[in-house]
Structures are given as structure tokens and as C-alpha cells.
Amino acid sequence: GDSVTQMEGPVTLSEEAFLTINCTYTATGYPSLFWYVQYPGEGLQLLLKATKADDKGSNKGFEATYRKETTSFHLEKGSVQVSDSAVYFCALKETGANSKLTFGKGITLSVRP
Amino acid sequence: KAGVTQTPRYLIKTRGQQVTLSCSPISGHRSVSWYQQTPGQGLQFLFEYFSETQRNKGNFPGRFSGRQFSNSRSEMNVSTLELGDSALYLCASSLLQGGSDTQYFGPGTRLTVL
């Protein structure tokens with residue numbers, strides 16, 4: 001079945017540091033890929049998405065490129081801020097009439113001033 | 001446009017009771033999905049409704065059920081509550097079903113079973 005693997009956390013960075021959060025996936029078809037972010041006490045917010053190979057999703061300084069050859073969708077940001085502290089989830093959705101999202105375990109990011 | 005709303009935000013129940021959670025999707029959205037979030041299992045898909053029909057179901061026991069109304073609002077019900085049902089229950093809505101359509105999540109209902 002489908003699965004998403006995220007790097008182990010938590011991750012602690014200083015403000016303005018470079019961020020990479022690894023995400024790899026296993027899927028039978030050609031899924032769409034997503035990064036969601038969850039702030040304390042809140043639901044999930046879509047951060048970015050990519051729907052086909054080589055697509056790059058970007059939002060709020062975050063970027064991720066859909067790499068079919070390595071089945072990866074790593075999240076990057078050049079300079080993190082304290083306000084980026086949250087839990088980040090990588091997710092996939094198979095094509096077709098199915099809205100089910102398969103999530104990774106999530107990773108907690110803490111950014112120190 | 002208002003986002004996905006879920007009520008109540010917090011619930012405390014005791015074992016053996018049943019509970020009903022409500023979700024109002026974004027206006028115009030016809031697909032509603034439910035997820036359970038726990039520290040141990042992470043985010044797990046419960047079921048999806050589209051045009052009042054359950055279209056997809058995750059690996060949860062029959063104690064978990066749901067429905068969708070003609071205005072796309074959805075409810076989920078958990079009967080005979082167990083301690084392990086304590087979780088954050090998230091509802092998500094999307095305009096269409098499937099494809100690359102984005103799902104938008106509500107703030108969740110935090111259920112505690114004592």
C-alpha cells in the first residue's frame with residue numbers, strides 16, 4: 001500500500017538557518033504530494049503541493065520538488081524564522097476518485113531566536 | 001469565505017458512551033473526509049463522504065460511523081467509546097473528489113475518553 005516516510009525528529013534550528021526536512025514515498029500510481037503544517041492547538045494548513053513529476057511547490061519561502069526518480073519530496077527553506085516552529089507533515093494522495101491522504105509521522109521543528 | 005468548522009472543539013466522555021462530532025465544510029465543497037490523530041499512530045484516514053455517500057473507508061472498527069447531509073455537512077459517530085479513542089479528530093473538505101484537489105482542514109475536535 002501507499003506510505004510516506006519522514007526523517008526522524010525533532011529538529012531544532014537557530015533563526016536564519018537553512019532547513020531541509022526529508023520525505024520519501026511509496027505509491028502504486030502517480031500521486032499528488034503535499035506538505036501540511038500544524039501549529040499548536042490547530043488543525044492542518046496546506047503549505048504547498050505538487051501534482052506531477054518535476055513540479056516545484058512553493059509558499060512562504062518554503063519549497064519542495066516532486067522527484068519521481070528518487071520518490072522524494074523534500075521540504076526546504078533558506079532562512080527559518082521563530083514563527084516557523086510547528087509540526088510538518090508530508091502526505092500523498094493517489095490519482096483517481098479517492099480523496100484519502102496518506103501522511104508521514106510528522107516532524108516537530110523548533111526555531112530558536 | 002469561511003473555513004472548515006468543527007463542533008465541539010473539546011469533549012470529555014467516559015468509556016462505553018457514544019459521541020457525535022460535527023463538521024461544516026467550506027461553502028461549495030462536496031467532499032468531506034475524517035481523520036484521527038494520535039501521538040502513537042499519527043494521522044489515520046477514517047472515511048470520506050461525497051454527495052451523501054460514503055466513498056472510501058479506512059481500517060477502523062464498525063464503532064466508527066459517519067454520514068453526510070444534503071448541505072454537505074457531515075457527522076461522525078463513535079459508539080461504545082474506548083480509552084484508545086482519545087484523539088484529535090480532524091475533518092477536511094474539498095471541492096471535488098479525488099484528483100489533485102486540495103483538502104482543507106478544520107481545527108479539530110479533541111476527544112478525551114476517561
Side-chain angles (χ1 to χ4, degrees), chain A residues 1-10 23 25 27-57 59 64 66 73 86-108, chain B residues 3-7 9-10 21 23-26 29-51 53-60 68 72 74 87-110:
Chain A
D2 298 344
S3 66
V4 176
T5 302
Q6 291 184 233
M7 59 185 278
E8 295 285 328
C23 170
Y25 67 90
T28 54
Y30 300 93
S32 295
L33 301 174
F34 304 81
W35 277 100
Y36 281 88
V37 59
Q38 186 175 35
Y39 297 99
E42 299 184 12
L44 301 176
Q45 297 179 24
L46 177 69
L47 184 57
L48 53 84
K49 73 176 187 180
T51 59
K52 62 183 186 297
D54 299 326
D55 266 2
K56 178 187 282 188
N59 185 27
Y66 189 141
F73 193 54
V87 182
Y88 291 80
F89 294 92
C90 184
L92 70 80
K93 184 167 65 173
E94 283 282 15
T95 54
N98 185 342
S99 294
K100 173 187 172 184
L101 284 166
T102 299
F103 287 91
K105 289 190 179 299
I107 187 169
T108 300
Chain B
V4 178
T5 58
Q6 293 187 244
T7 57
R9 291 293 310 277
Y10 302 91
L21 313 181
C23 171
S24 293
I26 292 172
H29 285 195
R30 296 171 62 192
S31 173
V32 174
S33 299
W34 289 89
Y35 295 82
Q36 181 196 64
Q37 185 178 22
T38 59
Q41 299 298 316
L43 281 152
Q44 294 185 288
F45 173 78
L46 279 156
F47 29 65
E48 179 204 0
Y49 287 86
F50 182 79
S51 293
T53 302
Q54 187 182 92
R55 293 299 182 92
N56 200 5
K57 191 177 189 307
N59 295 324
F60 279 82
Q68 186 180 34
S72 294
S74 177
L88 181 67
Y89 290 88
L90 293 164
C91 165
S93 75
S94 59
L95 188 61
L96 303 172
Q97 183 191 27
S100 61
D101 201 36
T102 299
Q103 292 191 45
Y104 297 88
F105 284 79
T109 294
R110 172 74 63 184

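Here is how names work: the chains are called A, B, and so on, in the same order as the sequence lines, proteins then strands, and each is numbered from 1.
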Validation row, ring centre A/Phe103 to ring centre B/Phe45 under 6.0 Å: no
Donor-acceptor contact below 3.5 Å, side chain B/Tyr104 vs main chain A/Leu46: no
Part of B/Gln44 within contact of chain A (heavy atom distance under 4.5 Å): neither
OG1 on B/Thr102 to NZ on A/Lys93, rounded to 0.5 Å: 6.5 Å
Chain A contact via B/Arg9 - which portion, at a heavy-atom distance below 4.5 Å: side chain
Side chain / backbone / both / neither for B/Phe47 at chain A, heavy atoms under 4.5 Å: neither
Shortest non-hydrogen contact between A/Leu101 and B/Tyr35, atoms and distance: N-OH, 2.9 Å
B/Ser33 and A/Lys100 side chains, donor-acceptor separation under 3.5 Å: no
Flag if over 12 foreign heavy atoms under 6.0 Å of NZ, B/Lys57: yes
Contacting region of A/Gln38 [heavy-atom separation from chain B under 4.5 Å]: side chain
Heavy atoms of other groups near A/Tyr39 OH, more than 12 under 6.0 Å: yes
Salt bridge (Lys or Arg N to Asp or Glu O under 4.0 Å) against A/Asp2, all qualifying residues, sequence neighbours excluded: none
Closest non-hydrogen atom pair, B/Gln103 against A/Tyr36: O-OH, 2.8 Å
Point-to-point distance, once rounded to the nearest 0.5 Å, from OG1 of A/Thr102 to CG of B/Leu43: 10.5 Å
